Amino acid sequence: MVGSLRRVAILVLAAAAWAGDEVVVSDTALGCFAEGQDLTHRYVREGDFYVCGAVRIPATHLATLRRLALDAPGIPEALPEELGVTRARLEEMEYYILESALRGLEDYVPLEVPEELKHLVSFEAVVKAARETFLDAGDRDSNHSELSLTLPGDPPITIRSQSEAPWMQPWLVKKGDGEERAVVSIHLAKALALFVDARGPSAQHLDGARYWREEFWRDDDVWERRVGRHLVKHHAKTLCAGLAGWEGALRRARVTEATIGFINMQPFSLFVELDCVGGSVIDGIRWWNVYDETELGYDGDDLVQALDAAEQAANGLPFLKAWKAADPGRHITIDIVGRTGHAERNLRNFVEPAWKDSGLEGDPEFELTLRSAPSEWSSIWFSAASKGALLLKADETFPDAKGIRPQTPEYAVIAPDGKVTRRKLRD
């Protein structure tokens, strides 16, 4: 009887000692779509285990987790060997890097690296990409998760991460009331994963083994930015140089940028940005050379023809040169899609009502963007036959048209000499 009472007393004392001895896990989704995705749970000490529902974790594991958190090193310069990023592995996987870098563009861009871009897939470049991925370097999406664990003991320890990289590196470790310390430890991530509910938003990031073994080398998000866009731009400029009539186009404008894709909601195109030369009233061009299946639909002669037509019509609007001359920071650009002197895909709703109401001659053929500052611009429409232009968006350089914006009942007509007449669409 005395022995039984003694055992009861020991259990009561142990329960008192363990009161408040719990691991608190908070797994929270942050951002616009985070509502209802907060998951907080507690593992309470029961004898030699920490228990939460049906999950029982040995108390010895908590001791291991505390030691790993306190002993974890800071952010290293070298990559952990566990990632498996080696020269031999790169040699095996370079094809898959290129395939993921050019995903969706295989029919338009060769899966090969020109000599001048070999540095993009050098071992040093791949190591840098791996390090940035491992440490979740770069801008964090507004929608992400935060995982936090509070460990009991003397002192209590808090471990947290907002990283969504595989293994959620780096971790921030806080001992007692001290300052947080950034650490990197795959072993720490593996150890604390036992406490994390698989239903929470962070659980998917805690095991990075498969990602680093297979998925890193095929990750579009990693390779499109670091490799793909450079290969695309290089090939786009190569395509330009091979177009019929391109030498003639280069006498009128020089290429500043080129790429391939769906740009600004236009059809799939070779997209080229050019600066005009030779004193044109038009300073810059954005040209969409639209693909016909896998072949380009236009050439350099088409671009020159469209530019000639736009310049000839613009020369009938003397106010354009006067507008530019008023400030050296002003410039005028045109969008050309194939041979068409504008990029508007819905003339019927957005341009034609005001054009017809204005009484301007012909049909709206050309749109020029008159930019007075990086975020300030005006839009005018005109034709080869029109004696004047339609102003559908006005910045402060056209004070008589203040407040005019697209898809509003008001517009303005600009006479060749620059006189602005404000009007309102008739019902």
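Quick caveat, the model's predicted, so the values are computed rather than measured.
Evaluation of the side-chain hydrogen bond (donor to acceptor under 3.5 Å, both in side chains) rule for Asp299 yields no partner, not counting sequence neighbours. Arg371 is linked by a side chain to side chain contact (heavy atoms under 4.5 Å, CB included) to His331, Thr369, Trp377, counting only residues two or more places apart in sequence or in another chain.
In this structure, Val281 and Lys324 approach most closely via the heavy-atom pair O-NZ, 3.2 Å. Smallest separation of non-hydrogen atoms from Arg251 and Val277: O-CG2, 3.4 Å. Taking all atoms of both residues into account, the shortest heavy-atom contact from Trp167 to Ala189 is O-CB, 3.6 Å. Of all the heavy atoms in Phe382 and Ala310, the pair that sits closest is CE1-O, 4.0 Å. Contact detail for Leu98 and Leu111: the closest heavy-atom pair is O-CD2, 3.5 Å. The heavy-atom pair separating Leu391 from Ala401 by the smallest distance is CD2-CB, 3.5 Å.
Ionic pairing of Glu224 and Arg103 is not present here: no N-O contact between side-chain nitrogen and carboxylate oxygen is shorter than 4.0 angstrom. Ion pairing between a basic and an acidic side chain is recognised when a charged N comes within 4.0 Å of a carboxylate O; Lys402 and Glu396 show no such pairing. A salt bridge is defined here as a Lys NZ or Arg NE, NH1 or NH2 lying under 4.0 Å from an Asp or Glu carboxylate O, and Asp357 with Arg423 fails to meet this definition. Remark: Glu22 engages Arg42 in a salt bridge, criterion side-chain N to carboxylate O under 4.0 Å.
Counting non-hydrogen atoms of neighbouring residues, nucleotides and ligands closer than 6.0 angstrom, the NE2 atom of His41 exceeds 12 such neighbours. Counting heavy-atom neighbours within 6.0 Å of Glu91 CD, excluding the residue itself, gives a total of 12 or less.
Screening Lys424, Arg422, Lys393 for a salt bridge (Lys or Arg N to Asp or Glu O under 4.0 Å) with Glu410, the sole residue that qualifies is Arg422. Each of Val126, Thr86, Val85 was scored for a side chain to side chain contact (heavy atoms under 4.5 Å, CB included) with Leu79, with one residue passing: Val85. Paired with Ser202 under the rule side-chain hydrogen bond (donor to acceptor under 3.5 Å, both in side chains), one option of Ser145, Ser161, Ser163 passes, and it is Ser145.
The CG atom of Leu194 lies 11.5 Å from the CG atom of Leu62; values are rounded to the nearest 0.5 Å. For the atom pair Leu151 CG and Ile159 CD1, the distance stands at 4.5 Å (nearest 0.5 Å). In this structure, the separation between CD1 on Ile157 and OG1 on Thr150 is 10.5 Å, given to the nearest 0.5 Å. Here the CG-CG distance, from Asp302 to Leu296, works out to 11.0 Å after rounding to the nearest 0.5 Å. Atom NE2 in His235 sits 9.0 Å away from atom CG in Leu270 (nearest 0.5 Å).
In this structure the side chain of Ile263 never reaches within 4.5 angstrom of the side chain of Phe268, judged on heavy atoms. A heavy-atom distance below 4.5 Å is not found between the side chains of Leu392 and Arg405. The side-chain heavy atoms of Lys233 and Lys237, taken from C-beta on, include no pair separated by under 4.5 Å. Inter-residue side-chain proximity for Asp21 and Tyr50 is flagged as met; some heavy-atom pair is nearer than 4.5 Å. With a 4.5 Å cut-off on side-chain heavy atoms, Tyr291 and Ile260 count as touching. In this structure, Arg56 and Tyr43 have side chains that are not in contact, with every pair of non-hydrogen atoms separated by 4.5 Å or more. Side-chain contact between Glu257 and Val272 is absent, with no heavy-atom pair separated by less than 4.5 Å.
Using bins of under 30°, 30° to 60° and over 60° for the plane-to-plane angle, the ring pair His61/Phe195 lands in the tilted bin.
One N or O on the side chain of Glu106 and one on the backbone of Gly104 form a donor-acceptor pair closer than 3.5 Å. A distance-only check finds a donor-acceptor pair linking the side chain of Arg45 to the backbone of Gly47 [under 3.5 Å]. Not a single donor-acceptor pair under 3.5 Å links the side chain of Ser122 to the backbone N or O of Lys118. Looking only at distances, no side-chain donor or acceptor of Arg252 sits under 3.5 Å from a matching main-chain atom of Leu303.
A donor and an acceptor atom, one from each side chain of Asp220 and Ser100, are nowhere located under 3.5 Å apart. Under the 3.5 Å distance criterion, with hydrogens and angles disregarded, no donor-acceptor pair is assigned to the side chains of Ser148 and Ser26. Between the side chains of His119 and Glu124, not a single donor N or O lies within less than 3.5 Å of an accepting N or O. No donor-acceptor contact under 3.5 angstrom links the side chains of Asn289 and Ser269, judged on distance only. Side-chain N/O atoms of Glu311 and Ser280 include a donor and acceptor closer than 3.5 Å.
In this structure, Arg160 forms no cation-pi arrangement with Trp171, as its terminal cationic atom is not both closer than 6.0 Å to the ring centre and no more than 45° off the ring axis. Geometric assessment of Arg218 against the ring of Tyr96 yields a positive cation-pi assignment under the 6.0 Å and 45° thresholds.
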Decide yes or no on side chain to side chain contact (heavy atoms under 4.5 Å, CB included) for Leu83 and Phe134, but give the supporting numbers first. CA-CA 9 Å; Leu83 304 192; Phe134 178 62; 4.0 Å; yes

Show the numbers, then the answer: is there a ring-ring contact (aromatic ring centres under 6.0 Å, His included) between Phe271 and Trp288? CA-CA 5 Å; Phe271 174 71; Trp288 285 261; 4.8 Å; yes

Working note: Asp395 + Ser372, criterion side-chain hydrogen bond (donor to acceptor under 3.5 Å, both in side chains); need CA distance, chi angles, decisive distance, verdict. CA-CA 8 Å; Asp395 66 9; Ser372 57; 2.7 Å; yes

Go through the steps for Trp212 and Phe216 under the test ring-ring contact (aromatic ring centres under 6.0 Å, His included), then give the verdict. CA-CA 5 Å; Trp212 288 105; Phe216 168 69; 4.8 Å; yes

List the steps, then state whether side chain to side chain contact (heavy atoms under 4.5 Å, CB included) holds for Leu206 with Leu147. CA-CA 10 Å; Leu206 277 170; Leu147 177 64; 4.0 Å; yes

